[in-house]
Amino acid sequence: MSGADDLVLVINSGSSSIKYQLLDPESSFVAASGMVDRIGEKNAGIEHHIEGTTVERHVPLADHTAGLRLVFETFAETGHDLASQGVHAVGHRVVHGGEVFYRPTLIDDSVVEAISNLSSLAPLHNPANVAGIESARKLLPGVPQVAVFDTAFFHGLPDAAKTYAIDAKVAAAQGIRKYGFHGTSHEYVSGRVAQLLERDPADLNQIVFHLGNGASASAIRGGHPVDTTMGLTPLEGLVMGTRSGDLDPGIVPHLMRSAHLDIDQVDELLNRNSGLKGLSGVNDFRELQGLIDEGDAAAKLAYDVYIHRLRRYLGAYLIGLGGVDAITFTAGVGENSPQVRADALAELSRFGITVDPALNNAKDRAARHISVPGAEVAVLVVPTNEELAIARAAHEVVVAAAQL
Ligand code: ADP
């Protein structure tokens, strides 16, 4: 294993979980990774992967500090004492940077306060991110910590793409605009596409589909996003595991009036009980495919709605960009479901888009082309690596700060 002082600890704190990776930002070598989950519950625990082995422990954890302490203890027990050997930097994934943060930012008290103040825009995410940051600062005093924002890549979206057509004064007062999310992934993947095509990013029009539990698409011109599906919150756009994506906003007052749901129940319905789960009962794509194979009509409808929405945005972005050089699939579903890729791009040869069935079905985990050789539009599968992108961003910020 490399010395810990070459390594960056990447932390992604959710409401009841902490995902982490210790990795070398230059070589991308992953020294260890894992996840603490069910924070706040009796059956909390950790799954820690190091040097080909997995360590599991179950202990009640009161809060994120207890969770991160367990991460540090587990590192120490497996021969890698983070606190005493020191790590070079900690990179935190932060979901919402609002209008304030549009680049990776060295964390101090005022940054923590500003991220906390953005919680009204991301009530499910930013408080958890702040808890992770505060815990890491307590447990690793003196190690520089950097916030990397999911919204940052989309900060410069054109006005026409980011503006909602509502009362402009209300929008301004409430910070209502399209922010976009999964930015670290869209930026990383579109950068990899330019490398793979051996083209200058400035010369490429791209569409990227990040299809995981959460899902989003982006249209990127010359390395800069010009549109994306997620909005003020990560609820807008594509159909997701448990989130509805786009719907008629009139559905919200209708539900409140007619079904007597309060605002928290509507929030819960749209974020946790909609999407594939709401339509079919399952949010995991493999389970959905299993149900479809058994002839389950609701699962088939859920799949059809999912593909219909993907193609709607594909069309919008093709036109919005005025033509496209590359279409790329990434994240759990995008990387692993040849069926989704084939159906999303079926019968588009008149637009220069033709997927090669053999390349598409190949069981290959590497970044690769799946379009027919010589096709006008390159179609690719590129594994995302948000942790590596966060580690690199944190490393760059720390190196730049040290040179000041
Ligand atoms: P997130 O990071 O948003 O939690 P991921 O990018 O890990 O999500 O993607 C999770 C999704 O990927 C799940 O719906 C899962 O079923 C799907 N997935 C993972 N492996 C496969 C596979 N081999 N075939 C189809 N879907 C898969």
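Both counts, for ligands and for their atoms, begin at 1 and track the order of listing. Only a predicted model underlies this, so the values are computations on that prediction, with no experimental measurement involved.
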Problem - Within 6.0 Å of CZ in R103, more than 12 heavy atoms from elsewhere - result: no

Practice task
Give the numbers and elements of all ligand 1 atoms closer than 4.0 Å to a heavy atom of G214.
Solution key: 3 (O)

Handout entry: K19/E386 ion pair, N-O < 4.0 Å
Key = no

Problem - Closest protein heavy atom to atom 23 (N) of ligand 1, given as residue, atom name and distance to 0.1 Å - result: N336 CB, 3.4 Å

Completion exercise
protein heavy-atom neighbour closest to atom 11 (C) of ligand 1 works out as V333 CG2, 3.9 Å

Completion exercise
Contact region, Q289 to ligand 1, non-hydrogen atoms below 4.0 Å, reads side chain

Exercise for the section: Starting from atom 4 (O) of ligand 1, locate the nearest protein heavy atom and write down its residue, its atom name and how far away it is, to 0.1 Å. Expected result: N213 ND2, 3.4 Å

Exercise for the section: For ligand 1, find out whether one of its N or O atoms is nearer than 3.5 Å to an N or O atom of D284. Expected result: yes

Completion exercise
heavy-atom search around atom 19 (C) of ligand 1 in the protein gives R286 CZ, 3.6 Å

Practice task
Evaluate the side-chain proximity of T233 to N271: yes if any heavy-atom separation is below 4.5 Å, no if none is.
Solution key: no

Fill in the blank from the handout: The single option from V324, I319, D325 that satisfies side chain to side chain contact (heavy atoms under 4.5 Å, CB included) with L321 is V324

Problem - Cation-pi geometry met for R177 and Y179 (6.0 Å, 45°) - result: yes

Exercise for the section: Look at atom 14 (O) of ligand 1 and say which protein heavy atom is nearest, naming residue and atom and giving the distance to 0.1 Å. Expected result: F285 N, 3.1 Å

Problem - Nearest-neighbour protein heavy atom for atom 6 (O) of ligand 1, which is reported as residue plus atom name and distance - result: G332 N, 2.9 Å

Handout entry: Heavy-atom donor-acceptor pair, R137 side chain to Q145 backbone, under 3.5 Å
Key = no

Fill in the blank from the handout: Of all protein heavy atoms, the one nearest atom 2 (O) of ligand 1 is K19 NZ, 4.7 Å

Using a 3.5 Å cut-off and no angle test, enumerate the donor-acceptor pairs between side-chain atoms of residues 157-166 and protein atoms at least two apart in sequence or in another chain.
residue : atom : partner : partner atom : Å
D159    : OD1  : K162    : NZ           : 3.4
T163    : OG1  : D159    : O            : 2.6
Y164    : OH   : L232    : N            : 3.2
Y164    : OH   : E236    : OE1          : 2.5

